[in-house]
Amino acid sequence: MNNENFVTLQIDDIKPLLNQKLMIRFSDSYRLSAEVIEVSSLKNFSQSHTEPFSFVLRTEQKNEYFPQAIYTIEHPTKGDISVFIVPIGLDTEGMKYEIIFS
């Protein structure tokens with residue numbers, strides 16, 4: 001069952017989740033916990049009234065990763081949100097993925 005709606009996230013929807021866990025649903029049968037490890041404001045080059053931002057999630061994956069694609073994050077107050085997620089590499093704790101809203 002797909003409960004996803006069009007939701008516009010703002011940086012203030014993600015900042016309170018810094019150092020907390022979200023779930024990423026990579027498929028109907030595969031979910032991973034991911035920690036929000038970074039939230040960054042980006043320069044706004046458009047006339048948009050929303051502030052561009054990015055955030056980085058880290059899973060505990062060490063030997064594998066998912067390719068860039070649209071996956072679902074489970075936000076605690078906004079619900080299920082489809083976002084374009086890009087793997088950006090490993091650190092000592094796991095695989096990092098970046099999401100950008102511009």
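Treat the numbers as computed from the prediction; the structure is a model and nothing was measured.
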Enquirer: List, by chain and number, the other hydrophobic cluster members for Ile100, where Ile, Leu, Val, Met, Phe, Trp and Tyr join if side-chain heavy atoms come within less than 4.5 Å, directly or indirectly.
Expert: Leu42
Enquirer: Using 0.5 Å steps for rounding, measure from the OG atom of Ser102 to the CD atom of Glu51.
Expert: 12.5 Å
Enquirer: Verify the neighbour count for atom CG of Asn19: are there more than 12 heavy atoms of other residues, nucleotides or ligands below 6.0 Å?
Expert: yes
Enquirer: With a cut-off of 6.0 Å (strictly less than), are more than 12 heavy atoms of other residues, nucleotides or ligands near OH of Tyr65?
Expert: no
Enquirer: Could you grab the distance from atom OG of Ser54 to atom CD1 of Ile14, nearest 0.5 Å is fine?
Expert: 11.0 Å
Enquirer: What I'd like to find out is whether the side chain of Pro87 reaches to under 4.5 Å of the side chain of Lys96, using heavy atoms alone.
Expert: no
Enquirer: Can you tell me how far the CD1 atom of Ile11 sits from the CG atom of Leu9, to the nearest 0.5 Å?
Expert: 11.0 Å
Enquirer: Do Phe66 and Gln61 come within less than 4.5 Å of each other through their side chains, counting heavy atoms only?
Expert: yes
Enquirer: At their closest point, which heavy atom of Lys78 faces which heavy atom of Ile81, and how far apart are they?
Expert: CB-CD1, 3.6 Å
Enquirer: For Tyr97, what residues pass the ring pair (Phe, Tyr, Trp, His ring centres under 6.0 Å) criterion, not counting sequence neighbours?
Expert: Phe26
Enquirer: Give me the atom names and distance for the closest heavy-atom approach of Ala34 to Leu57.
Expert: CB-CB, 3.9 Å
Enquirer: Look at the side-chain heavy atoms of Ile, Leu, Val, Met, Phe, Trp and Tyr, link any pair under 4.5 Å apart, and say whether Met23 and Ile73 land in one connected group.
Expert: no
Enquirer: Just to verify, what does Glu35 make a salt bridge (Lys or Arg N to Asp or Glu O under 4.0 Å) with, not counting sequence neighbours?
Expert: Arg58
Enquirer: Using only atom types and a distance under 3.5 Å, with no angle test, would you say the side chain of His75 pairs donor to acceptor with the backbone of Asp13?
Expert: yes
Enquirer: If you group Ile, Leu, Val, Met, Phe, Trp and Tyr whenever their side-chain heavy atoms sit less than 4.5 Å apart, what else falls in with Phe84?
Expert: Ile37, Val56, Ile70, Val86, Ile88
Enquirer: Starting at CD1 of Ile99, measure out to CZ of Phe53 and round the result to the nearest 0.5 Å.
Expert: 8.5 Å
Enquirer: Identify the heavy atoms of Pro52 and Lys43 that sit nearest to each other, and give their distance.
Expert: CG-O, 3.9 Å
Enquirer: Strictly below 4.0 Å, N to O, side chains only: are Arg31 and Glu74 in salt-bridge contact?
Expert: yes
Enquirer: Once side-chain contact (heavy atoms from CB on, under 4.5 Å) is applied, do any residues pair with Pro16, and if so which ones, sequence neighbours excluded?
Expert: none
Enquirer: Scan Val83, Leu32, Ile24 and name whichever one has a side chain to side chain contact (heavy atoms under 4.5 Å, CB included) with Tyr71.
Expert: Ile24
Enquirer: Which heavy atom of Pro76 sits nearest a heavy atom of Leu17, and at what distance?
Expert: CG-CD2, 3.8 Å
Enquirer: Which residues pass the side chain to side chain donor-acceptor pair (under 3.5 Å) test with Ser33, not counting sequence neighbours?
Expert: none
Enquirer: Would you give the length of the straight line joining atom CE of Met95 to atom CD of Glu60, rounded to the nearest 0.5 angstrom?
Expert: 13.5 Å
